[in-house]
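Chain letters run A, B, ... following the sequence lines, proteins first and then strands; every chain starts at 1. Values below: all heavy atoms of this structure, side chains included; hydrogens, waters and symmetry mates excluded.
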Amino acid sequence: MFEKYVIVPGTLRNVVESGRATAYELGVRMPYYRGLGLSMVEDVSVTVDGVRAEPAATTFTVHGNSYPLTAMGEVVDDRWELGEVATVRVEHPGGLAAGVHDVEVSQRLRISYMPVPGGGRARAEVELSA
Amino acid sequence: MFEKYVIVPGTLRNVVESGRATAYELGVRMPYYRGLGLSMVEDVSVTVDGVRAEPAATTFTVHGNSYPLTAMGEVVDDRWELGEVATVRVEHPGGLAAGVHDVEVSQRLRISYMPVPGGGRARAEVELSA
Amino acid sequence: MTHRITRGVSLYSFQEEFFLRTMTIRDAVAVAARIGARDIEIIPEQSIPGFPHVTDAWVEQWHATMAEFGTRPLAYDFFLDTLRHPGRRLTHEEQVASVRRDVDLAVRLGTTMLRAIISTPAEVLRDAAPYAEEAGVRLLLEVHAPFHYRHPWVLQHLEVMDALDSPALGFMPDMGCFVERFPRVASERALREGARKDLVDLVVKTYDDHGDVHGLMDTVGYSGGGPVEVGLARQATHYTWRDPRMLLEQMHRTHHVQAKFYEMTDDGVEYSIPYDRIVDVLVEGGYQGCLSSEYEGNRHVQDAFPVDSVEQVTRQHAMFERLLSRHESVPTTGPTTEQEG
Amino acid sequence: MTHRITRGVSLYSFQEEFFLRTMTIRDAVAVAARIGARDIEIIPEQSIPGFPHVTDAWVEQWHATMAEFGTRPLAYDFFLDTLRHPGRRLTHEEQVASVRRDVDLAVRLGTTMLRAIISTPAEVLRDAAPYAEEAGVRLLLEVHAPFHYRHPWVLQHLEVMDALDSPALGFMPDMGCFVERFPRVASERALREGARKDLVDLVVKTYDDHGDVHGLMDTVGYSGGGPVEVGLARQATHYTWRDPRMLLEQMHRTHHVQAKFYEMTDDGVEYSIPYDRIVDVLVEGGYQGCLSSEYEGNRHVQDAFPVDSVEQVTRQHAMFERLLSRHESVPTTGPTTEQEG
Ligand SMILES: [Mn+2]
Ligand SMILES: [Mn+2]
C-alpha cells in the first residue's frame, strides 16, 4: 500500500553547515491510510548505496517538529499525518556524492490491530538535489 | 524445539594465542531433528552481553572442519549433524572477562519445506570456562 | 418489498487522493452529493490534521460543507491504539477513555454511528456504552473478514450486548466478508510484479472454487513460487466468502453497513462481491441504515495506473441505485433520528 | 473383521535421545523388538552421520542389528532440499536426482517404503517413479496436516498417479491429520511459559469445539495476549481435525501409516488423536501395512520434564495391540513382499 509514494523524488539533499556537508536528508511518506502517533513509529531507516543509517544518527521531522529517531517512542502528542512528507536527516560527515543513489527506506509501524508490524520497504534510484 | 540444548554449558571460553586472548568460542547445537547441509545454515549469530558478533569475525567448526560463517552458503559437502556441538569462534581481541555472561544465540536455517526460516533464538547465563 | 436504505460514502474511499493532496474533503463531499450519496462517513485520524485536537474552526467548516452540499454527517471510524506506548498495553481504563474521547468528537461532528474497530474488546464497549448512550450515539463493532457473528471474538461482544441491552451497542458489518471471487485487481498486480501465471491461476482458482486455502502458501512455495506468489496466496487466506444471509443473524443490531469494494467494472458490477444478493438480503431483513462506500482498490492498481476513486465510487452508487430500485423505497428522515434515548 | 496390519516404530520417535546421545540406533531397535514393533522406519538424515555418504560398514551394521533383534527395515524418510543453494532453487532434474539418490540408499538399507516429504512436487515423483519401480521400492507422499486428499496440492499428485498407474507411487498418511483435541502437552507448556489461563482456555476450547481458528491469533492479540499466547493460537491453526474416514478415499494407494502422537496418557490412550476410530477405519478399508510410531511430544515437555520416548512408544504399542486385538489378524509375510513388479 502506497509503497511507490514513500520515497519522495527530488528530496534527497546534503545538509551544509558552515560550508561543509555534515548530513543528508530525505523526504519520506508513511505507507498507511491514516495518520499515526509518533510513539508508534518504531523505525524509519534509510539505507543509501547499501549503507544503513544508524538510528542514533537519525533525526525525524514532521511539520517543523524534530525528534531523535531513538526518542520517538515517547512522543505521544505529535503525529505523522496521512501523506505528510517527513524529513529524515542522517548525520553523515562529508555528505553524499553528487549523482544518483540507491535509496531504500524501511519502516516499522506499531499498528495495534495488526498481528505483525506495518510499514515495509520501498526502494528507488534517487538523484541528489542541490 | 530443542531450544534449551542450543547453548552448551561449559563451552564458553577464550581463545589464547601466544599468551593473549584473541577470540572467544562457544559450543552450539542446532534446534532441529535432523542434520542439515551447511549451505542451508544461513546464520549462527552469537551475542554476548548485548554485543552481537560480526559475521565476518565468526568461524564455524563441525567435526574438525572450519568455515568462515560468511562462506557457509557454498558448503554443499558438509553437514551439521543432529545434536552435534559445533564450535562458534568469534574474533574478539582481549577475549571475554571472567565470570558469567549473558549469551544469546540466534540461528536461521533454510529448511526447504518450511515457509519461514527455521532456527530461532536461545539465551542463557553462561560462565566463562578456563 | 419496501426498504429504508440510504446511500452514503466513507471518505476512506478517497484515501489515494487525500494522501496525494489531489482532493480535499470538500471535493469529496461534493462528489458524494452529486451522486446522491448523502450520508458521509469520516475517518478523523485520516482527515483531521492534528487529531485528536480538533479546532472549533474545523468543526464549523465541516458543518458548513455539509450544509453547502445537503449532505449529513453520519459515521465516525475510530481506532484504538492499545499499543500506543512501547512495551506496555493501554489499560482497560485508558481504552475506555479513548472511546469516550471519540464519542465527544463524534458529537461535535454530528456523526451518530461510531465504527468500533474489530480489535476493540467487548468489555471496553460495555464500559463506554453508557457514555455513548447519553451522548445519543452508537458504538458499532465493524465485523470485518475473517470475523463473523459466530466467531469466538464476536461472541464475546454478543454476550455483552445481550447482558447490557443498550441501544448504543450494535454492529457495522463490512461487506468485505463476502468476497465470492478473488479480486482481479490483486491477481493482476501480482502478474505485473512478475508472478508465475500458473501459480496465480492456482491461487485464484482455489479461492474461486471456495477450496481449501489452508496450506495454499505452502503449496505455492513447494511449486517454486517466490515472495510475490506466496504473498498472493497469503491474500487468499485473508479474503473470506460467506453467504450474505449471515447478515440476517444480527440485523436487529445492524445500524450501518460498510460497502467495501475493490473494483467496479465497466459493466457496473463489483467484480468480487455479489452486491445484488447483499442488497436483497438487507431489504429482506428490513435493514434501516446506510450503504456506505468503502473503495479499497487503489492499493492494487496504484503501481501502474492512475487511481480514479471518484469514478469507482460513482459506479458503485449507480449500481446501488439500480439494485435498490428493484424494491420500493419508504421515505425516511434518516438514521440520525432513529435512535431513542 | 480380519486385518493384515503390522506394528512398527519410526526412529523419529527417539529424536530427543539421539540428539542428546543417550540412545543408539541399536538401543532403539532393541526397544522396538521388545514391544513387538518389528517394522523399522529410519530418517537417514537424522541417524546416519555423513549422509548422504553411507559406508558399507554402516549398512552391514544396520542389517546385523535387524538380524540380531528380528526386526526388518521397512521405511525411509527422505527430504528434498530444494533450497540447498542460496539464491536458487534446485532444478527439476536435480530434484529427481535427489530422489534417485534416496532410492539407491533405500535399496542398500532394505527399506521398501520411501516417505516423500509433502513438499515434493508431483512431477518429481512422476519422473522418479520408473527408477523406484525398477528398484522395487515405493515413493509414498506423506499426507501431513493441513493437507488431505482433496487439497489442490495433493490433487496434483493424484493426477500423476492416475496417469502413471505405477505401483511405485502412493501415500503414507500421517495421523497428525486427525487431531481431535488440542494436545494438552502444548497448552500446558504455554502455561509454564506464563501464558494467561483465560487465553489458553479460549484457544483450547475453540480448537476442541472445532470452531473457527481463522482470526484466533488476532483474537488473542486483541485480548492482550503476548507472544506465548499468540504462539499457542498459531499452533491451533496448524493442527487439523478431519474424520478418519478420509483414509478410505485412498486406501488402495496407502502402503504405510505414520502414527504421529503427542502424549500417551496413564490410561493408555493418545490424548488428542482417536486411534480407536483410526484403527477401525484402517481395518474396514483392508489396509495392509504398518502402524509406525512417530512420537513428537518431546518438544512440548523437554523444557521442564525428562523425556521418556521409550515409555511413550511402549504405551502406544500396548494401545495398538489392544485395538488390533478387537479384530482378527491374518498371518502376513509383511509388506516388503507385497509389491509386484
Ligand atoms: Mn471497513
Ligand atoms: Mn510424519
Chemist: Can you say whether Thr240(D) sits under 4.5 Å from chain C via the side chain, the backbone, both, or neither, judging by heavy atoms?
Modeler: side chain
Chemist: Which one wins on heavy-atom pair count under 4.5 Å against chain D: Arg150(C), Lys205(C), His151(C)?
Modeler: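 If we count pairs closer than 4.5 Å to chain D, His151(C) comes out on top.
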Chemist: Under 4.5 Å heavy-atom distance to chain C, tell me which part of Gln156(D) shows up: side chain, backbone, both or neither.
Modeler: side chain
Chemist: Would you call Arg84(D) and Glu94(D) a salt bridge, using N to O less than 4.0 angstrom?
Modeler: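 The answer is no: the pair does not qualify as a salt bridge.
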Chemist: Does the ring of Tyr271(C) carry Arg181(C) above it, NZ/CZ under 6.0 angstrom from centre and within 45° of its axis?
Modeler: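 Yes, cation above the ring, under 6.0 Å and within 45°.
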Chemist: Check whether His214(D) gets within reach of chain C through its side chain, its backbone, both or neither, counting any heavy atom under 4.5 Å.
Modeler: both
Chemist: If you compare all heavy atoms of Ala132(C) against all heavy atoms of Ala168(C), which two are closest, and at what distance to 0.1 Å?
Modeler: CB-CB, 4.1 Å
Chemist: Tyr262(C) and Tyr239(C): aromatic ring centres closer than 6.0 Å?
Modeler: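 Yes, ring centres under 6.0 Å apart.
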Chemist: Could you tell me which portion of Pro146(D) (side chain, backbone, both or neither) has an atom closer than 4.5 angstrom to a non-hydrogen atom of chain C?
Modeler: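 For Pro146(D), heavy atoms of backbone and side chain both lie under 4.5 Å from chain C.
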Chemist: With a 4.5 angstrom heavy-atom cut-off, is it the side chain or the backbone of Leu83(D) that approaches chain C, or both, or neither?
Modeler: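 Contact with chain C: none, neither part.
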Chemist: Among Leu202(C), Ile118(C), Asp218(C), single out the residue with the greatest number of heavy-atom pairs under 4.5 Å to chain D.
Modeler: Ile118(C)
Chemist: I'd like to know which of Gly224(C), Gly211(C), Gly226(C), Ala145(C) tops the heavy-atom pair count under 4.5 Å against chain D.
Modeler: Gly224(C)
Chemist: Has Arg253(D) got its NZ or CZ under 6.0 Å from the middle of the six-membered ring of Tyr149(D), at an angle within 45 degrees of the ring axis?
Modeler: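 Relative to the ring axis of Tyr149(D), which defines the angle, Arg253(D) lies outside at least one limit.
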Chemist: Please state whether the side chain, the backbone, both or neither of Ser223(D) comes within less than 4.5 Å of a heavy atom of chain C.
Modeler: both
Chemist: Using a 4.5 angstrom heavy-atom cutoff, name the option from Ala122(D), Pro121(D), Pro152(D) with the most pairs to chain C.
Modeler: Pro152(D)
Chemist: Grab the two heavy atoms, one from Ser10(C) and one from Ser292(C), that are nearest each other, plus how far apart they are.
Modeler: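 Answer, listing the atom of Ser10(C) first, then Ser292(C): N-OG, 3.4 Å.
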Chemist: Is the terminal nitrogen or CZ of Arg100(D) (NZ for Lys, CZ for Arg) located under 6.0 angstrom from the six-membered ring centre of Tyr131(D) and within 45° of that ring's axis?
Modeler: yes
